[in-house]
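What follows is a single structure, written as C-alpha cells, with notes after it.
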Amino acid sequence: PYPGKRPGVYIDEHLDSNKGNIFMIGGCDPVNTTLDALRMRKLLEKRGKLVNDAIDSTAGKSIETRVSAIMEAISKGGLFIIVQNIYFIETAKYSHLVLPAARWGEHFATSMNGERRIRLYEKLYDPPAEAKPDFIIMAMLANKIKKLYQEENNTEMIKRFSGFDWINEKTAQKQAETCFKDGGNTVFPNSKDLGIKGIEAYRGLNYTKLKDFANNGVILPISTKGDNIIGVYGENTSDERIRGTRILHKDYNFYGGKA
C-alpha cells in the first residue's frame, strides 16, 4: 500500500523541485502524454544529465565506483530514470535503465477497462529476448529491494516489500486464483500488517469461467449462485449470457460510504 499521505504526490511538481532520487516509469510515455509534457521533458533532461555524466566519467571502472558516482550525482540533484515498457518509447531516451516488458499474447494475464469488464488473455507465444511480464519484473524488483533491506535488518521495509514471492506466471496465477476466491483476504500472510484490503470486486471469479466468457468477458463485481456466476443484481439478458453488474449502487449502498 502507498505509505504516504493522501492525496498522493503531484509527481511533476515533486520532481521539478529536485525531490525524489529514482523515477520509475511503466506503461506510459510522460514526455509525450502528460498535461505538461514539455516541463517533464526538460526536468528529465536536466536532472538525468547529472547521472549521465557520472556514468560516462566512470566508464570501465568497477561497479562499486560507478554506483558511488551515481549516488553522489543523485545527492546533488540528479535523477536515476528507469523505463519499463514494451516499446522503446520517447521517454526511454532520457532513461538510464530500460526494462523490456512482455505484451499481451506473450504472457497469461487478465485486463479490465473503464467499464469494469474483465477479460482473460491467453499466452500465444514467448516474449522476445529478455522481455518479461510486468508482474514478474515488479516481483523481481521487490524481492531484490527486500534482500537489500534484509542485509540492513530493516524490519519495517522488509515487511513493505514482502508478498511478491511469485517467480513465474504459474505461481502468480495460483496466487491470483486465491485472491479471486476470497477477495484477497488470505493471499498475503501479513496482509493486515501491510494494510492490504480484500479485493471484493473479484470475489467468486476464476480462470475457468473467464475462459468460458471468452472475448465478452464479464463486468465486475459479480456474485455466485452454486457453481454459476451471476451479476450482483442478477443481470442476465434474453440470450442468457451473463453480463455481470453493468450499473453499480442500485441499492444506494456505496462501498466505503462514498460514491
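This is a predicted model, so every value here is computed, not measured.
- Put simply, CD1 on I70 and CG on D53 are 12.0 Å apart, with the number rounded to the nearest 0.5 Å.
- The pair E45-K49 fails the salt-bridge criterion, with no side-chain N (NZ, NE, NH1 or NH2) lying under 4.0 Å from an Asp/Glu carboxylate O.
- For the atom pair NZ (K61) and CZ (R66), the distance works out to 10.0 Å, reported to the nearest 0.5 Å.
- Between the CG atom of L141 and the NZ atom of K146 there is a distance of 13.5 Å, given to the nearest 0.5 Å.
- Annotation for E156: atom CD does not count as buried by contact number, only 12 or fewer foreign heavy atoms lying within 6.0 Å.
- The pair E13-R39 counts as a salt bridge, with a side-chain nitrogen and a carboxylate oxygen less than 4.0 angstrom apart.
- Using a 4.5 Å cut-off on side-chain heavy atoms (C-beta onward), K209 and F213 make contact.
- Residues H96 and L79 share a closest heavy-atom pair of CE1-O, 3.1 Å.
- In L124, the CG atom is crowded: over 12 heavy atoms of neighbouring residues, nucleotides or ligands sit closer than 6.0 Å.
- When all heavy atoms are compared, the tightest approach of F164 to N143 is O-ND2, 2.9 Å.
- Here the closest non-hydrogen pair linking I158 and S162 is O-OG, 2.6 Å.
- Using bins of under 30°, 30° to 60° and over 60° for the plane-to-plane angle, the ring pair Y149/F161 lands in the parallel bin.
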Step by step, would you call M157 with E152 a side-chain contact (heavy atoms from CB on, under 4.5 Å)? CA-CA 10 Å; M157 297 306 292; E152 297 178 0; over 6 Å; no
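- Counting all heavy atoms, side chain and backbone alike, E106 lies closest to P128 at OE2-CD, 3.5 Å.
- Across all their heavy atoms, A101 and I86 have their closest contact at O-CG2, 3.3 Å.
- One finds the CD atom of E122 at 4.5 Å from the NZ atom of K211 (value rounded to the nearest 0.5 Å).
- For the pair T110 and Y207, the minimum side-chain heavy-atom distance is below 4.5 Å.
- When atom types are taken as modelled, the side chain of N113 and the backbone of R117 share a donor-acceptor pair closer than 3.5 angstrom.
- A donor-acceptor contact shorter than 3.5 Å links the side chain of R119 to the backbone of N215.
- Within a 6.0 Å sphere centred on NZ of K123, other residues, nucleotides and ligands contribute more than 12 heavy atoms.
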Take H107 and D134, measure what side-chain contact (heavy atoms from CB on, under 4.5 Å) needs, and give me the verdict at the end. CA-CA 10 Å; H107 64 89; D134 288 316; 5.7 Å; no
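- Heavy atoms only, all atoms of each residue included: A102 and A131 are closest at N-CB, 4.2 Å.
- For the pair S75/E72, a side-chain contact is recorded, criterion being any heavy-atom separation below 4.5 Å from C-beta on.
- Linking Ile, Leu, Val, Met, Phe, Trp and Tyr whenever their side-chain heavy atoms come within less than 4.5 Å leaves I25 and F88 in two separate clusters.
- A distance-only check finds no donor-acceptor pair linking the side chain of D12 to the backbone of M40 [under 3.5 Å].
- Under the 4.5 Å side-chain heavy-atom criterion for Ile, Leu, Val, Met, Phe, Trp and Tyr, I22 and V31 are members of distinct hydrophobic clusters.
- Atom CG of residue L44 and atom CG of residue L15 lie 7.0 Å apart, to the nearest 0.5 angstrom.
- The structure places CG of L43 at 9.0 Å from CG of N18, a figure rounded to the nearest 0.5 Å.
- Taking hydrophobic clusters as Ile, Leu, Val, Met, Phe, Trp and Tyr residues chained together by side-chain heavy-atom distances below 4.5 Å, V51 shares a cluster with I82.
- Residues I118 and Y121 do not share a hydrophobic cluster, defined by chaining ILVMFWY side chains whose heavy atoms lie under 4.5 Å apart.
- Side-chain heavy atoms closer than 4.5 Å link hydrophobic residues (I, L, V, M, F, W, Y) into clusters, and following such links, possibly through other members, connects V83 to I11.
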Where do R41 and N32 land on the side-chain contact (heavy atoms from CB on, under 4.5 Å) test, with the steps shown first? CA-CA 8 Å; R41 191 182 295 262; N32 279 329; 3.1 Å; yes
